[in-house]
K.L.:
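Dumping the structure here so I can ask a few things about it.
The figures here come from the full heavy-atom set of this structure, side chains too, leaving out hydrogens, waters and symmetry mates. Sequence lines set the chain letters: A, B, ... in the order given, protein chains first and strands last, and positions in each chain run from 1.
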Amino acid sequence: MQKYSVFSLIKNAFSDHQNWEVAWKDPTPKKEYDVIIIGGGGHGLATAYYLAKEHNITNVAIIEKGWIGGGNVGRNTTIIRSNYMHDENGLFSEFGMDLWRKMSQDLNYNVMFSPRGIINLAHSDAQMNAYSRRGNSMRLNGIDAVLLNREEVQKLIPMADFSDNVRFPIFGGLMQPSAGTARHDAVAWGYARQADSMGVDIIQNCEVTGFDVSNGKILGVRTSKGDIKAKKVGLCVAGSTNILAEMLNMTLPIETHLLQACVSEPIKPLLDHVVTFGAGHFYCSQSDKGEMVMGGDLDGYNSYSQRGNLPTLQHVLTEGIAMFPFLSKLKMLRTWGGIMDMSMDGSPIIDKTHINGLYLNCGWCYGGFKATPASGWTFAHTIAQDRVHDLNAGYRLNRFSTGNLIDEKGLGTKTWIS
Amino acid sequence: MLYINCPHCGLRSQNEFAYGGDATVKRPELNREISDQEWDNFVYLRKSPRGKHLELWHHISGCRQWIKVERDTSTHEIFKTYKANEAIE
């Protein structure tokens with residue numbers, strides 16, 4: 001594989017950039033693989049990469065219905081953080097933060113990781129107490145957290161509404177300085193390129209139409225490009241998990257919901273951090289192109305449409321304007337939607353299933369992007385070793401029947417309620 | 001914008017309603033021993049189909065009645081609405 005560097009850039013400039021190698025091949029599927037990963041998004045590509053890199057399993061195919069990176073990995077708001085209170089989520093995400101820091105070097109691909117810090121705003125004394133508790137829990141797990149008072153927040157984000165007569169005055173905030181953003185498409189492409197170079201077949205435009213299961217063991221998958229045998233199959237399909245589960249006669253603690261995001265027209269550098277509104281559901285950061293990247297609530301009802309509805313967007317942006325009044329002057333450039341695998345406790349599932357050789361990676365709700373490396377790493381471990389790693393030991397499928405929920409937000413089963 | 005035909009009030013915009021989730025899940029009967037698996041099925045497991053979905057909505061800014069709505073989860077087409085206690089064929 002051609003290494004990307006300033007020297008290869010200069011060299012290729014002399015041939016008008018016509019002679020770059022393709023970043024990944026377009027193979028026809030083989031008859032059989034050791035492992036098939038269904039879903040060529042961030043998590044699927046990362047899983048294939050870590051299977052090859054950490055476990056030396058390279059006879060792997062990624063099967064993608066559309067094109068790689070066309071789903072949620074290309075639709076998110078690129079936020080990376082580990083500001084969780086519960087141990088399972090905190091330790092898992094913090095392990096991921098380490099992988100994020102090394103990712104550009106590891107993949108030889110600039111994912112533009114930008115640890116600019118995330119600030120969760122608090123709008124009451126009670127919320128400050130809750131953030132203090134969360135921050136202390138984070139620090140006990142080795143995650144950086146700083147409780148900010150009103151003046152400290154004002155120094156960092158003076159453009160927020162600090163006037164006297166507001167419905168939700170800013171009391172302070174909780175900051176994770178090491179959190180940040182990354183270029184989401186580059187993450188997918190970087191993992192794809194490395195996985196491909198280690199022998200993984202990335203098969204695009206290939207829809208899974210069924211599974212070959214016999215005596216409780218997976219034998220292969222049926223696809224629009226023919227039947228493919230496999231010793232092990234991993235599902236990494238986010239919002240489409242229930243569609244595949246139905247083919248397997250499985251019912252899961254997952255509902256598929258729609259989340260929208262939007263960007264404004266680009267403006268000059270203004271916002272240095274990721275900031276979230278504490279009295280509702282709104283978050284905002286500024287991209288390198290200058291666009292304000294914004295998101296918030298789910299549309300709030302089961303949906304596979306990948307296209308949003310206006311009332312939710314209006315509601316979310318109302319919160320945005322309450323936090324950053326200047327947003328009202330901006331024109332919207334784009335809005336889009338993606339479908340989320342909302343689990344019943346708001347935490348993910350990375351586990352084996354009752355079918356031998358079938359593995360499940362789902363339930364990321366609206367927090368899948370930041371988990372990409374840790375999810376791929378632990379899912380690869382679970383598939384390769386046929387057992388969960390300590391890091392995903394809390395993310396078992398049976399935790400719902402045993403009562404070991406990881407209810408980070410305390411929302412109960414209706415995690416789509418805003 | 002969804003327009004939902006409330007069986008009590010007529011056609012109203014989505015803004016008047018709150019979503020209540022899958023209407024096909026049934027609470028296990030009272031006054032008998034219920035296994036963990038049955039509770040699991042009722043509380044946590046959902047089909048979440050792509051296509052026709054029978055769901056509860058609450059006309060919270062209208063008549064405040066709960067209703068059932070049959071809606072397509074990929075096109076958002078609403079086929080039929082029912083009163084909460086109405087038999088569904």
K.L.:
Between B:Arg46 and A:Glu255, does a salt bridge (charged side-chain N to carboxylate O under 4.0 Å, His left out) hold up when you go through it step by step?
P.N.:
CA-CA 6 Å; B:Arg46 299 288 180 270; A:Glu255 277 184 18; 3.6 Å; yes
K.L.:
Report which part of A:Ile243 has an atom under 4.5 Å of a heavy atom belonging to chain B: side chain, backbone, both, or neither.
P.N.:
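For A:Ile243, side-chain heavy atoms alone lie under 4.5 Å from chain B.
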K.L.:
Which answer fits A:Asn309, side chain, backbone, both or neither, if we ask what part of it has an atom under 4.5 Å from a heavy atom of chain B?
P.N.:
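Interface part for A:Asn309: side chain.
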K.L.:
For A:Glu246, is it the side chain, the backbone, both or neither that has a heavy atom under 4.5 Å from a heavy atom of chain B?
P.N.:
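Contact with chain B: none, neither part.
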K.L.:
Say whether, by atom type as modelled, one donor and one acceptor occur between the side chain of B:Thr73 and the main chain of B:Pro49 under 3.5 angstrom.
P.N.:
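Yes.
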K.L.:
If you check every heavy atom in residues 17-33 of chain B against those of chain A, which residues fall under 4.5 Å?
P.N.:
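Result: B:Tyr19, B:Gly20, B:Gly21.
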K.L.:
Does the separation of the ring centres of A:His315 and A:Phe282 fall below 6.0 angstrom?
P.N.:
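When the ring centroids of A:His315 and A:Phe282 are compared, they turn out to be at least 6.0 Å apart.
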K.L.:
Looking only at the aromatic ring of each residue, does the gap between the centers of B:Trp66 and B:His59 stay below 6.0 angstrom?
P.N.:
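No; B:Trp66 has its ring centre 6.0 Å or more from that of B:His59.
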K.L.:
Would you say A:Tyr304 and B:Asp72 are linked by a side-chain donor-acceptor pair, where the criterion is simply a distance under 3.5 Å?
P.N.:
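No pair is found: no donor N or O on one side chain lies under 3.5 Å from an acceptor on the other.
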K.L.:
For A:Leu405, is it the side chain, the backbone, both, or neither that has a heavy atom closer than 4.5 Å to a heavy atom of chain B?
P.N.:
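A:Leu405 touches chain B through side-chain heavy atoms alone.
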K.L.:
Check whether any side-chain heavy atom of A:Ser343 sits under 4.5 Å from a side-chain heavy atom of B:Tyr44, and report yes or no.
P.N.:
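A side-chain contact is absent here, since even the closest heavy-atom pair is not under 4.5 Å.
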K.L.:
May I ask you to check whether A:Asn361 and A:Ser375 show a side-chain donor-acceptor distance below 3.5 Å?
P.N.:
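Yes, because at least one side-chain N or O of A:Asn361 sits under 3.5 Å from a partner of the opposite role on A:Ser375.
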K.L.:
Side chain, backbone, both or neither: which part of A:Thr413 has an atom under 4.5 Å from a heavy atom of chain B?
P.N.:
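The answer is the side chain of A:Thr413.
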